Amino acid sequence: MVSMLCSFGISKERTNIPTQLSSHSFRYELLSSQNETWKEEMFEHYHLIPTDDSAWASLLPRKIPREEDEHSWEMMYRNLKSPLKSSGNFLNEMSLHNVRLDPSSIHWKAQQTNLEYLLMLDVNNLVWSFRKTAGSSTPGKAYGGWEAPDSELRGHFVGHYLSASAQMWASTHNVTLKKKMSAVVSALSACQVKMGAGYLSAFPSELFDRFEAINPVWAPYYTIHKILAGLLDQYTLADNAQALKMVKWMVDYFYNRVSNVITNHSVERHYLSLNEETGGMNDVLYKLFSITGDPKHLVLAHLFDKPCFLGLLAVQADDISGFHANTHIPVVIGAQMRYEITGDPLYKDIGAFFMDVVNSSHSYATGGTSVSEFWSDPKRLASTLQTENEESCTTYNMLKVSRHLFRWTKEMAYADYYERALTNGVLGIQRGTEPGVMIYMLPQYPGSSKAKSYHGWGTSYDSFWCCYGTGIESFSKLGDSIYFEEGEAPGLYIIQYISSSLDWKSGQIVLNHKVYPIVSSDPYLRVTLTFSPKKVFAESIYHMSIRKLVLLLEGTSQASTLYLRIPIWTNSEGATATINSQSLRLPTPGEFIWHLPSDTWNSPNTLLLMQEKYQVPRSKASFVFHGSDPLSFDQYLMFRPFPTYD
């Protein structure tokens, strides 16, 4: 495969620009400085290797039928592995349109705070730099920080806003937000038409000239990825057909740009340019291909699969120390999408190995990773504890990695990781209920304060860091990984205990999921699950099994199966479970509990599962699931503390 043909020995040098320049924080400070001598010194060694063809020869396709075809994309496409139908029996996350958070939950409060922020932002101010670049009139005033008119990363937050507002619309159906996000799409469409050729950005195309010439520039494709992803979310979540047209036109433009680089120079020249951060370009292009089926979209996605990083993972080399974390996690997410689209098992293995490396060697107890935006030496985290740990963007992206892996494997370890990282690394980055006040890093040093880190708390209109963009997305989709379903015989997996409701359409069930507030005087988590089948037989019929709950529903030819996650960090010693005072067998921690009620219940519309305590070591925080409403269970679970706002 052309994308994996790289020299292993110099792969790390090829995939990173000098360490300090890889840092977004450092790059912003450098570009904002008036010290031209400092800039010159830093950019003197912008890339670590020369653009020497011999150093990159191993990246060329191994078989070239004719010299004149060397740079033919048709030839390249024929030599790439043809797309296959994925053989995986994947779980599907429930649509945000069908999940609603409970207003009493901390998750709903966090979502509501974020909704207020999305509604506070002004359309004219958001698109100001886009209009300026297009040569259009510019009502309003440009925002500051990383969205300021002189920031080379301007426009990135607008892409995140498109994604976040689409996700928030699906999560709330807030009409005011729908109008605002549609207005942003319309304004951007007008800019794209004005500029012509399909180009759309808040900065001029000259930045891509510098990118392709291997001259210093701050990650232009990073921003383009955010815009593409935001528009695609507007299409998939909000049915905005105009957004999809804009995406396809943009991709046509960049397909031609990359084609010209390869034609006029070489494919290795293109790969060399990928030393600069490109976000998740491969990921969004694979998603686009899944919608359009256009081979051009698949080829372009392949060309953004960063070969000299994925090559390390393909040969299972635990050698990611020194890499800029959030430059490379999105590349792995794109590789995971490549597996889902093509069925190539290599990219499944890459995702699993990467997750294992990060989780076992580079993650803090919170589930977060990175120190000052980079991966440090493996298994030496104690010496890295400081204020600049756990960049929020990395948590946002690692959640995507773990979600893919759970959907493919149903392995509990990935669900446990998701819970830990979500609770600490997402819920912990807002400052209470203040809209638009978030952090960049999550300090890990004992006694440290979020307010006293390098960035401290951001502001609503003058920060717009990368972590603001991922932050507004994270708080717009808190309901996206609570429930999963599988198979032609409907099966429902509940892997996160978050107060919410679900309209499970294929199972013809409405579920209400209540997590009672946690207070210091009662350190247990109490959860009630209430199922209301939309239709049932006149006489209730249940099939008994030790670990399976099966409902036979009217209008369905197959049973619906419920799977409840029992986290791996629980202890089953001395635990009991009962239903109507009848003891039940419990699964081992780290498995799903499937249970069938008996057929002696009074009402066909109610299910009751009462489960006694799982004992947890006293050194760990523990909570109890409990309740007396239809289908409830009580269970000890260890949760890490919820965030404080110091």
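Quick note: numbers below take in every heavy atom, side chains included, and nothing from hydrogens, waters or symmetry partners. Note that the structure is predicted; figures quoted are calculated from it, not measured.
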Quick one, V258 and H270 - any side-chain contact, counting heavy atoms below 4.5 Å?
yes

Ring centre gap for F90 and Y339 strictly below 6.0 Å
yes

Would you check if the side chain of K306 reaches a backbone N or O of L274 as a donor-acceptor pair within less than 3.5 Å?
yes

Side chains of Y418 and S481: is there a donor and an acceptor less than 3.5 Å apart?
yes

Which atom names give the shortest non-hydrogen contact between G479 and L96, and what distance separates them?
C-CD2, 3.7 Å

Enter the distance from M337:CE to T342:OG1 here, rounded to the nearest 0.5 Å.
10.0 Å

For Q111 against S171, the heavy-atom pair lying closest together
OE1-CB, 3.7 Å

d(N240 CG, L162 CG) to nearest 0.5 Å is 9.5 Å

For Y161 and F157, take the angle between the two ring planes, folded into 0 to 90°, and tell me which bin it lands in: parallel under 30, tilted 30 to 60, perpendicular over 60.
tilted

Who are the ring pair (Phe, Tyr, Trp, His ring centres under 6.0 Å) partners of F130, not counting sequence neighbours?
none

Value for CG (L310) from CG (D305), rounded to nearest 0.5 Å, stands at 6.0 Å

Quick one, L422 and I498 - any side-chain contact, counting heavy atoms below 4.5 Å?
yes

Given side chains that start at C-beta, do those of V217 and F208 come closer than 4.5 Å, heavy atoms only?
no

How about E485 and W504: does a side-chain donor come under 3.5 Å of a side-chain acceptor?
yes

Given 3.5 Å as the limit, does a donor-acceptor pair link the side chain of S259 with the main chain of Y255, or not?
no

Is there side-chain contact between D416 and M412, with at least one heavy-atom pair below 4.5 Å?
yes

Would Q242 and S189 count as having a side-chain donor-acceptor pair, cut-off 3.5 Å?
yes

Would you check if the side chain of Q192 reaches a backbone N or O of M246 as a donor-acceptor pair within less than 3.5 Å?
yes

Quick check for you: to the nearest 0.5 Å, what is the distance between F475 atom CZ and I472 atom CD1?
11.0 Å

Check whether E373 reaches the backbone of H324 with its side chain - one donor and one acceptor, N or O, closer than 3.5 Å.
no

Assess the residue pair K226 and E473 against the criterion (salt bridge (charged side-chain N to carboxylate O under 4.0 Å, His left out)); give the C-alpha distance rounded to whole Å, side-chain angles, the decisive distance to 0.1 Å, and a yes or no.
CA-CA 11 Å; K226 306 302 176 281; E473 286 194 48; over 6 Å; no

Where do Y286 and L298 come nearest, in terms of heavy atoms and distance?
CE2-CD1, 3.7 Å

Give a yes or no answer on whether the side chain of N215 reaches the backbone of F211 with a donor-acceptor pair at less than 3.5 Å.
no

Given side chain to side chain contact (heavy atoms under 4.5 Å, CB included), test L313 with D349 step by step and report yes or no.
CA-CA 8 Å; L313 304 178; D349 294 342; over 6 Å; no

Closer than 3.5 angstrom, by distance alone: can the side chain of E486 be matched with the main-chain N or O of L492 as a donor-acceptor pair?
no

Taking all atoms of both residues into account, what is the closest heavy-atom pair of A134 and C191, and its distance?
CB-O, 3.9 Å

N/O donor-acceptor pair under 3.5 Å between T409 side chain and L405 backbone
yes

Could you please spell out the steps behind the side chain to side chain contact (heavy atoms under 4.5 Å, CB included) verdict for E212 and S273?
CA-CA 6 Å; E212 293 162 0; S273 69; 5.9 Å; no

Are H225 and H156 an aromatic pair by the rule of ring centers under 6.0 Å?
no

Close side-chain approach of V358 to I329, heavy-atom, < 4.5 Å:
no

Closest heavy-atom pair and its distance - A352, Y414:
CB-OH, 4.4 Å

With a 3.5 Å distance limit and no angle check, can you tell me whether T394 reaches the backbone of T369 through a side-chain donor-acceptor pair?
yes

Do F289 and H302 have ring centroids that are under 6.0 Å from one another?
no

Would you call the rings of Y221 and F304 parallel, tilted or perpendicular if under 30° counts as parallel and over 60° as perpendicular?
perpendicular

Please report the closest heavy-atom contact between D318 and S361, naming both atoms and the distance.
OD2-OG, 3.8 Å

For atom NZ of K410, is the number of surrounding heavy atoms from other residues, nucleotides or ligands below 6.0 Å larger than 12?
yes

Is the closest side-chain donor-acceptor distance between Y483 and S500 under 3.5 Å?
yes

Flag, side chain of R565 to backbone of I495, donor-acceptor distance under 3.5 Å
yes

Given L399 and V426, is the side chain to side chain contact (heavy atoms under 4.5 Å, CB included) satisfied, shown in steps?
CA-CA 10 Å; L399 288 173; V426 173; 3.8 Å; yes

Is a donor from one side chain sitting under 3.5 angstrom from an acceptor on the other, for N98 and D503?
no

Is the shortest heavy-atom distance from the side chain of T395 to the side chain of T470 under 4.5 Å?
no

Steps toward salt bridge (charged side-chain N to carboxylate O under 4.0 Å, His left out) verdict (K287, D233)
CA-CA 10 Å; K287 289 178 179 177; D233 285 335; 5.8 Å; no

Among residues two or more places apart or on two chains, list those pairs meeting side-chain hydrogen bond (donor to acceptor under 3.5 Å, both in side chains) that have a residue in residues 194-208.
none

Give me the ring orientation class for F464 and Y468: parallel if the planes are under 30° apart, tilted from 30 to 60°, perpendicular past 60°.
perpendicular

With salt bridge (charged side-chain N to carboxylate O under 4.0 Å, His left out) as the criterion, how do K296 and D252 come out once you've worked through the C-alpha distance, each side chain's angles and the decisive distance to 0.1 Å?
CA-CA 8 Å; K296 292 193 301 184; D252 283 344; 3.3 Å; yes

Take R407 and E340 through the salt bridge (charged side-chain N to carboxylate O under 4.0 Å, His left out) test and state the conclusion after the steps.
CA-CA 11 Å; R407 289 178 50 241; E340 294 203 5; 2.7 Å; yes

Scan side-chain atoms only and decide if S476 and N114 contain a donor-acceptor pair under the 3.5 Å cut-off.
yes

List the residues meeting side chain to side chain contact (heavy atoms under 4.5 Å, CB included) with K248, not counting sequence neighbours, and say none if there are none.
L244, L288, T292, H297

Would you please classify the geometry between the H362 ring and the W375 ring as parallel, tilted or perpendicular, with 30° and 60° separating the classes?
tilted

Donor-acceptor contact below 3.5 Å, side chain R338 vs main chain G343:
no

Should R403 and F484 count as side-chain neighbours, where that means a heavy-atom distance under 4.5 Å?
yes

Under 3.5 Å side-chain donor-acceptor pair for Q234 and S165
yes

Do E411 and Y417 get their side chains close enough for a donor-acceptor pair, meaning under 3.5 Å?
no

Under the side chain to side chain contact (heavy atoms under 4.5 Å, CB included) rule, what do M168 and M181 come out as? Steps first, then yes or no, please.
CA-CA 10 Å; M168 186 67 81; M181 70 189 195; over 6 Å; no

Side chains of L200 and M195 in contact at under 4.5 Å (non-hydrogen atoms)
yes

